[in-house]
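Report on the structure given below.
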Amino acid sequence: MFRCSQIIKHFNHSNNKHAILANLTPKNYHYQTEIYTNKFEAFDEKLSEKLKNTNQSRNNQSNLYRFINAYRQHGYRIAKLDPLNQQNNNNKLSELDPATYGLERDSTTYPIQDLIHASDSGKLTIDEVENYLKTIYSDKISIEFEFITCPEEKLWIEQKFEEHLSRPIETQTRLDILDLLMKSQAFDHFLAEKFPSFKRYSLEGGESAMAFYHSIFSGLAKNDIEQLIMGIAHRGRLNLVTCMLNLDPVLLFAKIKGRSEYSADVTATGDISHHFPCSTDLTFDGKKIHVSLLQNPSHLEAVDPLVLGKARAKQMSSKDCLYSDDPKNISKKIASFLIHGDAAFAGQGIVSETFQLSKLPSYSVGGTIHLITNNQLGFTLPSNLGRSGHFNSDLAKGFDCPIIHVNGDDPELAYRAGQFAVEYRNKFGKDVLVDMVCFRKYGHNELDDPSFTNPLMYKTINSRETVPNMYKKILLDENLADSGSVELEVKNFESMLAEALSKVEKNNYKFEPRNTYLNGQWSDMRLSSNNERSTWNTGCSLDLLRFVGVKSVSLPDDFSVHPTVERAHVHKRLERIRDGKKIDWSTAEALAIGSLISQGYNVRISGQDVGRGTFSHRHAMLVDQKNNKTFIPLNNLDQNQKSFFEICNSFLSEEAVMGFDYGFSLDSPNNLVIWEAQFGDFFNGAQIIIDTYISSGETKWLYQSGLVLLLPHGFDGAGPEHSSCRIERFLQMSSSKEDKVDSDDINYFIANPTTPANYFHLLRRQMMMPFRKPLIVASPKNLLRLPECVSTLEEMCENKSFRPVIDDEKIDGKDSIKRVIFVFGKHFYALDNERTKRGLKDVALIRIEELSPFPAHEIRNVMQQYKNAKEFVWSQEEHRNMGAWSFVSPRFENILGIKLKYSGREAHNTIAGIGELHAKEAQYVINRPFEKF
Ligand SMILES: Cc1ncc(C[n+]2csc(CCOP(=O)(O)OP(=O)(O)O)c2C)c(N)n1
Ligand SMILES: [Mg+2]
């Protein structure tokens, strides 16, 4: 094996001017099995001890225990959860009949110590035991947890749940809950009166959610959680942000009246008010918590994985949770919270994908709290027709996640459910779900008439009292509140809203939107310019390249590397680095990533099998053949390394994983986040994330993301679904102009680099620019090992940049060129070969390496040299209605005055799966551009 010292001078890190940005310990990345221990261990000795005693009591009273356990298992099925009383609950489940367990309803008393967790642990009759169990498990609140596998955890749950219900709620908390409920109601009434045609997706009927939020925010704050990242869809979102998260109602009212949420100098086109991001500091008992509500699109539940991704990025920067030095530290500082609709929870696949992320090493955030605001309808669909299980929450059962059901008519129970959820999440670092059954006072929005479709339900709803008024009555009856002060609070709140509205309505009022973007860790970034196209020096010193290159394949002495990997990967790379030439794709990638890490940026790559690489080319994470342990060479650049390469072999999901990684990328401009598709075709499983966030996020919310999508692309006979990353779809969604020269102000970059060096610069550019843009890369498959597809180290050195256009490097006299062929991607190599075979001297091949923004200047500069060229051909291997043709054709014509001729497959709807047909087409697209038009 080559040794580093034979090849390079040691690169001196202390000379590196770039700040060290993150502060992680390398051990987090070395051995996944060693670090990511996010499982409940019976480390709570008290619990294990308690379980022993409990088992003893259970054995002594086994029939009684079976009866008690039946309530814990089935009690929720007869609980009084529906405020509208529509359920056909069979109150006589045989499982809950004491006779089933051979128990008589007589005056015999039983010792109940350890069996139930009542404060009075004396002896009870069966009727008394039953009453107790009914109150806990079958009244207006219940819990499902019997599917949980860890006995200590189950014991903890039953104990805490039973204790929680007997714990009194402080008077001040009850008054706070009342205040929130009354405000929420007043807010809805205010909007209804002032903006009668505005769809507000009111919380009316589900106001107890406010009590739940209060318990989550205050409970987390009191448990020293510093930040909460959360997501919610439309229902009650405005109530939450205005009544609890300090959103200035002036912004909301100005927005409803059609004003922009941004200042005039910004080109963003904004979003509807129900999608605004919002963040604020809240304080409870002197403890502060920063709450960030993420921006969401209309696509229900799409925000879910983003919340987790952003929370994880924050955990990384604050060494929290799985990034902590203490493996038993289950998220002490950063928490996540998702609020779902009942129909969306049951229906949207991304919910299940998000749950699936919850315990995976590279995606876990140490437990998310979930709430379903279960108003028993999805638009017009009754919830029992929107699911195949018994409850809308059933999905969570498969994830070992306790489910608390609560009747939304009781805000205090909602509050208690929240308290329990916080305690559970803090104890076990696992997801927990609360299903709050409530109702929806109006139609899906307030302009809908719900009685068209659900007349009986709405008869009940229209004849009942509101939840805030019911709760007010309880506190008034208990003399805890007096109606005068409740009225006054509501009046004050309404006056505050009225004042905000009158400001917006004044003729001379100049609405000054808040600057909500590029703050905090983004403050060194700027918006991209709309009148320039910038080029960045993305090269590195030769010393750094060699250092990183060698380190990228340096393994511990006792590491047993697979012989093929050693020969084809390690030795080959060392040779390439030594010679400074024939740098292949994976080496260029390692150099880009390693150099960024050495400059203080963290890099995260996520996707299916990314450690090895789908095509066995990356080997960024190697496995010791003796013991299965993994090793990531780029996390061992230096003993004092502070930034790292997080390699995340994802589960088989595109949508949630891409959403997670996009969320991760939103947190800091100093993390390069890469999502790689197994094959480019599979990105469409994540189409919602691409449409609603990646391609449009900055334009809607001015939130930048430097997320990179690597989408292996290329027609190589692999069939209809392993050939194309459908670059045409990305191009269609690009904001590039058809009749103007593009600037940096583009929604995302789209590139198809053909040289390792260009790929190197492209990746590095993501971090070197003073703004962030998503980057879509049609990445290679067969170029990974194509002998001609290599670069020199020289091409990656300082003062070199990404080349959006690569001029023909093989021709001598440009004057002799008659035909210029433009090509995008790996098809270039096939054409180059063919031209050589044909011995043509009058044809130039020009590579367009990036299409969005369209490199008009660069093409013009190149074309000025081909004075005698008469024919201009666009050659692609894709079908005419695919690939880049319909994107490039008008731009060449309108901006450059070049009328292109088309060469490529004819329009079609799919890609050939028959080998012979593919071969014929492949031959055709190689020959055609050299023939007569
Ligand atoms: C992916 C998606 N499909 C359809 C819609 C249209 N839509 C908006 S709200 C809604 C019903 C949602 O019901 P639920 O999740 O129970 O929330 P609720 O409105 O009842 O609070 C539908 C179908 C949407 N916004 N997103
Ligand atoms: Mg609903």
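Read the numbers this way: they start at 1 and go in the same order the structure lists the ligands and their atoms.
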Determine whether a donor-acceptor pair (N or O, by modelled atom type, separation under 3.5 Å) exists between the side chain of [X] and the backbone of [Y].
{"X": "K700", "Y": "T692", "answer": "yes"}
{"X": "R440", "Y": "Q376", "answer": "no"}
{"X": "R259", "Y": "F253", "answer": "no"}

May I ask you to identify the nearest protein heavy atom to [atom], giving residue, atom name and distance to one decimal place in Å?
{"atom": "atom 11 (C) of ligand 1", "answer": "F379 N, 3.5 Å"}
{"atom": "atom 25 (N) of ligand 1", "answer": "S298 O, 2.9 Å"}
{"atom": "atom 21 (O) of ligand 1", "answer": "R235 NE, 2.9 Å"}
{"atom": "atom 13 (O) of ligand 1", "answer": "G378 CA, 3.2 Å"}
{"atom": "atom 19 (O) of ligand 1", "answer": "H234 NE2, 2.6 Å"}
{"atom": "atom 17 (O) of ligand 1", "answer": "G341 CA, 3.7 Å"}
{"atom": "atom 8 (C) of ligand 1", "answer": "H444 NE2, 3.8 Å"}
{"atom": "atom 5 (C) of ligand 1", "answer": "L300 CD1, 4.1 Å"}

Answer yes or no as to whether an N/O/S atom of Q376 is found below 2.8 Å from the Mg ion (ligand 2). no
With respect to the Mg ion (ligand 2), please indicate if L377 possesses an N, O or S atom at a distance under 2.8 Å. yes
Heavy-atom contacts under 4.0 Å between [X] and ligand 1: side chain, backbone, both, or neither?
{"X": "R440", "answer": "neither"}
{"X": "L377", "answer": "backbone"}
{"X": "N375", "answer": "side chain"}

Does a side chain donor of either [X] or [Y] reach within less than 3.5 Å of an acceptor in the other side chain?
{"X": "E654", "Y": "Q608", "value": "yes"}
{"X": "Y363", "Y": "Q356", "value": "no"}
{"X": "S279", "Y": "S292", "value": "no"}
{"X": "S336", "Y": "T368", "value": "yes"}

Matching residue for D188 among R200, K194, R235, K441 - test: salt bridge (charged side-chain N to carboxylate O under 4.0 Å, His left out): R200
If you count the atoms of ligand 1 from 1 in the order shown, which ones are under 4.0 Å from a heavy atom of A343? 13 (O), 14 (P), 15 (O), 16 (O)
Identify, by atom number and element, the atoms of ligand 1 in contact range of H299, meaning under 4.0 Å from any of its heavy atoms. 26 (N)
Got an N/O contact under 3.5 Å between D342 and ligand 1? yes
Ionic contact status for R729 with D691, cut-off 4.0 Å: no
Hey, would you say the Y693 and W701 ring centroids sit under 6.0 Å apart? yes
Assess the pair H370 and F337: is the distance between their ring centroids shorter than 6.0 Å? no
Can you tell me which N/O/S atom of D342 has the shortest distance to the Mg ion (ligand 2)? OD1
Proximity flag Q348 to ligand 1, non-hydrogen atoms under 4.0 Å: yes
